[in-house]
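Lettering follows sequence order; numbering is per chain, from 1.
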Number of protein chains: 2
Amino acid sequence: MPKDIGLSDRVLVGDCIDIMAELPSGSVDMVFADPPYNLQLAGALHRPDNSKVDAVDDDWDKFEDFATYDTFTRAWLKAARRVLKPDGTIWVIGSYHNVFRMGTALQDLHFWLLNDIVWRKTNPMPNFRGKRFTNAHETLIWAARDRRRRSYTFNYEALKELNEGLQMRSDWTLPLCTGAERLKNGSGKKAHPTQKPEALLFRCIMAASNPGDVILDPFFGSGTTGAVAKRLGRRFIGIERDADYAELARKRIAAVRPLPAEDVAPKPARRSEPRIPFGILIETGLLTPGATLADPSGRIQARVKADGTLSTTGPEGDLRGSIHQVGAAVQGAPSCNGWTFWHIDFDGKRLPIDHLRQQMRARMQ
Amino acid sequence: MPKDIGLSDRVLVGDCIDIMAELPSGSVDMVFADPPYNLQLAGALHRPDNSKVDAVDDDWDKFEDFATYDTFTRAWLKAARRVLKPDGTIWVIGSYHNVFRMGTALQDLHFWLLNDIVWRKTNPMPNFRGKRFTNAHETLIWAARDRRRRSYTFNYEALKELNEGLQMRSDWTLPLCTGAERLKNGSGKKAHPTQKPEALLFRCIMAASNPGDVILDPFFGSGTTGAVAKRLGRRFIGIERDADYAELARKRIAAVRPLPAEDVAPKPARRSEPRIPFGILIETGLLTPGATLADPSGRIQARVKADGTLSTTGPEGDLRGSIHQVGAAVQGAPSCNGWTFWHIDFDGKRLPIDHLRQQMRARMQ
DNA sequence: GCTTTTAATGAATCGTTCG
DNA sequence: TCGAACGATTCATTAAAAG
């Protein structure tokens, strides 16, 4: 146990660069940092139902330009590196707005990148204007303080167990922090704009620290890092600029009870079969655009398009849409399972395209 | 069709920075780039059974330090930006070794990031030493040439169809390029170390280009970009430093047959349909002055005037204006699509007036 | 009490055309 | 070039309200 025990399990209020400068060097086992993302939002965004999106437009996320953001990033990373033990590791989380600048800064400051981890959100906010891909993930970078030191903590076996006996991969599928876990203020609104789910911190802390280790979070916010650290028997140092958030975090953590590790194992992953979009059969070449599909009798035919739609001529004119939509339309039925309705001739046999879906599932195992 | 047709559908051998300098500026619709990853492997890597992993250790992947890699990256990105049309977009792909430096360079060169995309590999190479998470993904960055230009190509509807009616997300699950698709040399070994799956290029090209567009790949390698571009009715310019790889790509692409044009046209977006002024419905008798329109619930009503305006009594007095203006006002919303907001009773059903617009469009064919 | 509908919301760099 | 007008656009969850 280090002697600086007095500093741990506390939330310090102030600028993280200043406060880290006061901490003894080489005293921290792991850093988790969720800094401002520098979102650069232009105007208000409305949903199709005309409601306004509650965006992150706080002052703490505003930077004049990339150079200002880089200066800030390098300053706190440098301070964090001094405080880390030689065998320590750091986690940072960000989106495409800032994560490339953080990754570059980490490499320039001689951190050694171990992995980039993708947090796949099961329930992200959609892209309301249809102008981009749904931004459905955030990126974490996990890095060692030094290239040379190879004795950093990585609880390989524990993570493998968490993943049902398979090596934990670099993509983690987890829901957003919503519902009862999301801290609310008096009026029922979210108390902090960017509260992270505890499951995310659980996995980072479980992977890269041991019970009794000291974990530093320089952008403590609502205190998720502290809550999970306490629950998993780790110590923590939180730094937060906003006194109200710091107080919120203190109260939250005070209510947390440390638990034996076996009681906090996450829910096992769902075993359901993965959904296979029809389009992937085309993208991977199992089906060719222009191919002809037919109903079980062979009387109704339709043509496969490159975008995964079918086209055919129905009683009321041209039809184009998904395998399910066109299948329903040609039958005059309210709905249709296109996977079992549409068939393709293969080796002289007429097989449902569900057969191709099974092949695809096997490939994607 | 542009006049520089002579340059497209060719594989040029040489340094991509030199060759791009010879191309006319603003002549390319989309760039796809899979540059060297700067892997920095310390020594040979062995599997648990002591077999050696066939890692990427070619000379083209060796850079002395980050500064050298950055200089190279900025030089080819700058050249690519000059060659791009003002509304063009660029895709780059990389791993954590180099993608942060590419993202930073893109931002510094005033590209405007649109998405980062995660390619989740269904069958990644495991981590043999158990010292890190299985590196199971690579990252693509999709960026517009300019922040201002918002008319870049994004075939939203086509991508949505490829994903069975749901918005395409920023995480794509696709298998590695293996089996018959993987090009082999005479002795049965892989002909190129980093051949990308055609399914990956299919999605990029389908999303961000139209048939006939020119797609430039400055690190052509085995020519996956060219093969998929040709198949989807796009033109391409490939640049490859290694004459043997260029020849491999030429032969590969020569065997590709373009799909029929009708099969590769993306599903058209609604905004590309001809504009119908509301007043035409009245002029042509589809709607009669004096008719009553209502909101979806039927609670709010308005009266159609002969000049194509609506009039109603709102909470703050009489309102009169376009279907959009009045719709916004009665909802207290900043804007409103009057076509979908206002309904009319027809054969006992309440239908949006967009239904009448569809009839009008059909008549005007 | 139970089921069905409706409403709310999440780190968002989210438009195009015409006069 | 700029302002005004047109009009295109959402998924998974949770929770409250309605039946």
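- B:Ser322 comes within 4.0 angstrom of sugar-phosphate atoms only, judged by non-hydrogen atoms across all strands, and of no base.
- Counting non-hydrogen atoms under 4.0 angstrom, A:Arg182 reaches the backbone sugars and phosphates but no base.
- When distances run from any side-chain atom of A:Arg129 to the nucleotides D:dG7, C:dA11, D:dT10, the shortest one goes to D:dG7.
- Here the side chain of B:Arg271 is nearest to one of C:dT13, D:dT13, D:dT9, namely D:dT9.
- Between D:dA12, D:dG7, C:dA11, one nucleotide has an atom nearer to the side chain of A:Glu138 than all others, and that is C:dA11.
- With distances taken from any side-chain atom of A:Tyr37 to the nucleotides D:dG7, C:dA12, C:dA11, the minimum falls on C:dA11.
- Side-chain nitrogen and oxygen atoms of B:His324 include at least one within less than 4.0 Å of the OP1 or OP2 phosphate oxygen of D:dG7.
- Checking A:Arg320 against A:Thr309 by side-chain atom types alone, a donor-acceptor pair falls below 3.5 Å.
- We find that B:Asp171 and B:Arg169 are joined by a salt bridge, their nearest charged nitrogen and carboxylate oxygen being less than 4.0 Å apart.
- The A:Phe128 side chain lies nearest to C:dC14 when the options are C:dT17, C:dC14, D:dA12.
- Listed nucleotides: C:dA11, C:dT13, D:dC6. Nearest to the side chain of B:Arg275: D:dC6.
- The one candidate from B:Tyr152, B:Phe32, B:Trp142, B:Trp119 that meets the ring-ring contact (aromatic ring centres under 6.0 Å, His included) condition with B:Trp91 is B:Trp142.
- The residue A:Ala55 sits close to a base: some heavy atom pair falls under 4.0 Å.
- Base engagement by A:Pro124 is indicated by at least one non-hydrogen atom pair under 4.0 Å involving a base atom.
- Partner assigned to D:dA5 is C:dT16, using Watson-Crick or G-U wobble distances below 3.5 angstrom.
- Within 6.0 Å of NZ in B:Lys78 there are 12 or fewer heavy atoms belonging to other residues, nucleotides or ligands.
- In summary, B:Glu157 and B:Arg270 do not engage in a salt bridge, as defined by a charged side-chain N under 4.0 Å from a carboxylate O.
- Counting to the nearest Å, the P atom of D:dA8 and the CG atom of A:Asp49 are 17 Å from each other.
- When the P atom is compared between C:dA11 and D:dC6, the two are found 36 Å apart, to the nearest whole Å.
- Heavy-atom nearest nucleotides on DNA chain D were determined for B:Arg357 and for B:Gln325, and the one closer to the 5' end corresponds to B:Gln325.
- Atom CZ of A:Arg120 is separated from atom P of D:dA12 by 12 Å (rounded to the nearest Å).
- One C1' atom belongs to D:dA18, the other to C:dG1, and the distance between them is 14 Å to the nearest Å.
- Figure legend. D:dA18 is base-paired to C:dT3; pairs are counted as Watson-Crick or G-U wobble with both atom distances under 3.5 Å.
- Taking 4.0 angstrom as the limit, B:Tyr156 places a side-chain polar atom (N or O) nearer than this to OP1 or OP2 of D:dT10.
- With rounding to whole Å, A:Lys131 atom NZ is found 10 Å from D:dA8 atom C1'.
- With respect to A:Asp59 and A:Lys62, no salt bridge is recorded, no charged nitrogen being found less than 4.0 Å from a carboxylate O.
- Within the 4.0 angstrom heavy-atom criterion, base atoms lie near B:Cys336.
- Rounded to whole Å, atom P of D:dG7 lies 13 Å from atom CD of B:Gln358.
- Nearer the 5' end of DNA chain C, as judged by each residue's closest nucleotide, is the contact made by A:Trp60, out of A:Trp60 and A:Gly130.
- Heavy atoms of A:Lys196 sit under 4.0 angstrom from at least one base atom.
- Counting non-hydrogen atoms under 4.0 angstrom, B:Pro277 reaches nothing in the nucleic acid.
- Using a 4.0 Å heavy-atom cutoff across all strands shown, A:Gly43 reaches at least one base atom of the nucleic acid.
- Remark: C1' of C:dG10 and NZ of A:Lys190 are 6 Å apart, rounded to the nearest angstrom.
- For A:Arg47 and C:dG15, the CZ to P distance is 16 Å, given to the nearest whole Å.
- Checking C:dA12, C:dA11, C:dT13 against the side-chain heavy atoms of A:Thr194 singles out C:dA11 as nearest.
- Computed from coordinates, the B:Asp146 CG to C:dT13 P distance equals 19 Å when rounded to whole Å.
- Distance noted for atom C1' between D:dT10 and C:dT9: 12 Å (whole Å).
- Among the atoms of the strands shown, none is found under 4.0 Å from any heavy atom of B:Leu114.
- The ring of A:Phe220 has its center closer than 6.0 angstrom to the ring center of A:Phe236.
- Residue A:Asn50 holds its CG atom at 9.5 Å from CZ of B:Phe341, rounded to the nearest 0.5 Å.
- Contact of A:Arg132 with C:dT13 (side chain to base): a donor-acceptor pair of N or O atoms is detected under 3.5 Å.
- Comparing C:dG19 with D:dG7, their P atoms sit 13 Å apart, to the nearest whole Å.
- At a threshold of 4.0 angstrom between heavy atoms, the contacts of B:Asn163 with the nucleic acid are absent.
- Here C:dT13 is in the syn range [glycosidic angle within 90° of 0].
- Side-chain N/O atoms of B:Arg270 include one lying less than 4.0 angstrom from OP1 or OP2 on D:dT9.
- At the heavy-atom level, B:Glu157 lies under 4.0 Å from the strands shown only through sugar-phosphate atoms.
- Counting to the nearest Å, the C1' atom of D:dG7 and the CG atom of B:Asp354 are 10 Å from each other.
- Only the C1' atoms considered, C:dA12 is 14 Å distant from D:dT9, to the nearest whole Å.
- If you take atom C1' in C:dC14 and the same atom in C:dG10, they sit 15 Å apart, rounded to whole Å.
- Nearest-nucleotide positions on DNA chain D for A:Asn50 and A:Pro126 put A:Asn50 closer to the 5' end.
- For A:Tyr96, taking side-chain heavy atoms from C-beta onward, the closest of the listed nucleotides C:dT13, C:dA11, D:dT10 is C:dT13.
- Rounded to the nearest 0.5 Å, atoms NE2 (A:His324) and CG (A:Asn337) are 6.5 Å apart.
- Residue A:Leu41 is classed as a base contact, given a heavy-atom separation below 4.0 Å to a base.
- Pairing for C:dT9 goes to D:dA12, judged as Watson-Crick or G-U wobble with the two contacts each under 3.5 Å.
- For the pair B:Arg81 and B:Phe111, the cation-pi test (distance below 6.0 Å, angle within 45°) is passed.
- Here A:Ser95 lies out of heavy-atom contact (under 4.0 Å) with every strand.
- Residues B:Ser151 and A:Thr178 both approach DNA chain C. Their nearest nucleotides, taken by heavy-atom distance, put A:Thr178 toward the 5′ side.
- Within 4.0 Å (heavy atoms only), A:Asn135 reaches sugar-phosphate atoms of the nucleic acid but no base atom.
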